[in-house]
Amino acid sequence: MSYHPIYRFTGIGRPLDPAWPTNKAVLILLPVMFVLGLAWTLFMGETWQMAATGGLVFALAAFGSWALGRELMPDDHAAAFISMAMAFLACLSFGSPGLLVLFSTLLLVRTVNRSTGLVAMTRDSVLVTLLVIWTVYATQLPWMGAVAALAFVFDATLKNPQRKQVLFAILCLGAMIVYIVDHDVTWAAWHQPDSLLKWLAIVAALLFGLNLIVLKKV
């Protein structure tokens, strides 16, 4: 893997090798997702230009969710395709499926788990930091800065630590603080969930936390 030409430029990018059956399936499904997204957007009464954008969003959401599933559970191929299916349902349900959050998370996970077998290059860390800052402001989600800072701290302190990542952790945390101060964000505010989807999100988070607690090894 490390001999692929892409690794001259990045340590966290991964080529989609069609020699693997699961990768070939993804390469087949992505155009299908694009066409379905195009058709759905047209069905909703949008223009062809908006439909093309909608198709691209469907394809990117499907690919990003599949890739994130592969990173989190590399030996469970079914889980990745279930993630892809859930991304498709999310695109049908929401006008904005949160691509920035998805790909920021994906690249942060790759930075920490080093699934390519390589550490993140400085240019990787710069691009991920810029993507996180963009996510914070575009999605009005300042806490993404704290998540990114934690990921960079992990990469700076765990096995084969990359001390340079502390700088990028500080930048992400600083972006979060600047956003909070500039937009007068309340640090602690509780609003009772008012929809089934929000309650399901809370249940999923609790189950994920329980899974982490009982996990015997990483």
Side-chain angles (χ1 to χ4, degrees), residues 1-2 4-16 26 30 33-34 37 52-72 83-84 87 90-91 94-187:
M1 181 186 296
S2 59
H4 193 281
I6 194 175
Y7 295 114
R8 290 182 295 176
F9 309 102
T10 176
I12 61 175
R14 298 187 70 174
L16 200 60
V26 170
L30 288 182
M33 289 291 181
F34 177 84
T53 302
L56 186 60
V57 167
F58 270 62
L60 287 174
F63 172 72
S65 298
W66 173 84
L68 184 58
R70 292 285 291 144
E71 294 296 326
L72 297 176
S83 296
M84 178 183 280
C91 289
F94 303 100
S96 176
L99 292 180
L100 287 174
V101 174
L102 172 61
F103 282 96
S104 294
T105 304
L106 172 61
L107 294 179
L108 288 169
V109 169
R110 283 187 179 174
T111 298
V112 175
N113 71 6
R114 303 175 187 176
S115 58
T116 63
L118 303 172
V119 299
M121 298 180 180
T122 300
R123 63 171 66 97
D124 291 325
S125 299
V126 170
L127 290 175
V128 172
T129 299
L130 292 175
L131 180 60
V132 168
I133 294 174
W134 182 17
T135 302
V136 166
Y137 278 84
T139 64
Q140 301 178 12
L141 191 67
W143 317 116
M144 190 68 197
V147 173
L150 183 61
F152 281 125
V153 167
F154 282 154
D155 198 42
T157 56
L158 296 179
K159 186 178 180 180
N160 188 16
Q162 302 297 302
R163 303 300 184 193
K164 64 183 180 183
Q165 302 291 45
V166 173
L167 171 62
F168 298 104
I170 293 172
L171 290 174
C172 290
L173 196 61
M176 181 194 76
I177 294 173
V178 169
Y179 182 91
I180 288 173
V181 172
D182 188 43
H183 292 77
D184 195 25
V185 176
T186 302
W187 281 87

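This chain uses plain numbering: 1 for the first residue, then up along the sequence.
Within the 4.5 Å cutoff, the side chain of Gln162 has no heavy atoms near those of the Met121 side chain. Side-chain contact between Pro15 and Tyr7 is present, with at least one heavy-atom pair separated by less than 4.5 Å. Contact annotation: the side chain of Met176 never approaches that of Val178 to less than 4.5 Å [non-hydrogen atoms, C-beta and beyond]. When side chains are defined from C-beta on, Trp66 does not count as touching Ser83, because their heavy atoms never get closer than 4.5 Å. Two residues are said to be in side-chain contact when any heavy atoms from C-beta on lie closer than 4.5 Å; Phe152 and Val166 fail this criterion. Side-chain contact check for Arg110 versus Asp124: every heavy-atom pair is 4.5 Å or farther apart.
In this structure, the side chain of Arg123 engages the main chain of Phe9 through a donor-acceptor pair within 3.5 Å.
Thr116 approaches Gly13 most closely through the heavy-atom pair CG2-O, 3.6 Å. Nearest heavy atoms, Ala148 versus Cys172: CB-SG, 3.7 Å. Annotation for Leu30 and Ala62: closest pair CD2-CB, 4.4 Å, computed over non-hydrogen atoms. The two residues Pro142 and Val136 make their nearest non-hydrogen contact at CA-CG1, 3.7 Å.
Checked options Thr139, Leu131, Ile133, Leu108; the residue passing with Met144 is Leu108 (criterion: side chain to side chain contact (heavy atoms under 4.5 Å, CB included)).
For Arg114, the salt bridge (Lys or Arg N to Asp or Glu O under 4.0 Å) partners at least two apart in sequence or on another chain are Asp155. Legend: residues meeting ring pair (Phe, Tyr, Trp, His ring centres under 6.0 Å) with Tyr179, ordered by chain and number and at least two apart, are Tyr137, His183.
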Before giving the answer on side chain to side chain contact (heavy atoms under 4.5 Å, CB included), spell out for Arg14 and Glu71 the whole-Å C-alpha distance, their side-chain angles and the decisive distance to 0.1 Å.
CA-CA 11 Å; Arg14 298 187 70 174; Glu71 294 296 326; 3.2 Å; yes
Met84 vs Val26, test: side chain to side chain contact (heavy atoms under 4.5 Å, CB included). Steps then yes/no.
CA-CA 9 Å; Met84 178 183 280; Val26 170; 4.2 Å; yes
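Expressed to the nearest 0.5 Å, how far OG of Ser125 lies from CD1 of Ile12 amounts to 7.0 Å. Note that CG of Leu127 is 9.5 Å distant from CZ of Phe168, once rounded to the nearest 0.5 Å. Annotation: the span from Gln165 atom CD to Thr111 atom OG1 amounts to 6.5 Å, rounded to 0.5 Å. Here the straight-line distance linking atom CG of Leu107 with atom OG1 of Thr10 works out to 8.5 Å at 0.5 Å rounding.
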Which side-chain N or O atoms in residues 97-106 pair as donor and acceptor under 3.5 Å with protein atoms at least two apart or in another chain?
from   : atom 1 : to     : atom 2 : distance (Å)
Ser104 : OG     : Leu100 : O      : 2.8
Ser104 : OG     : Thr135 : OG1    : 2.9
Thr105 : OG1    : Val101 : O      : 2.7

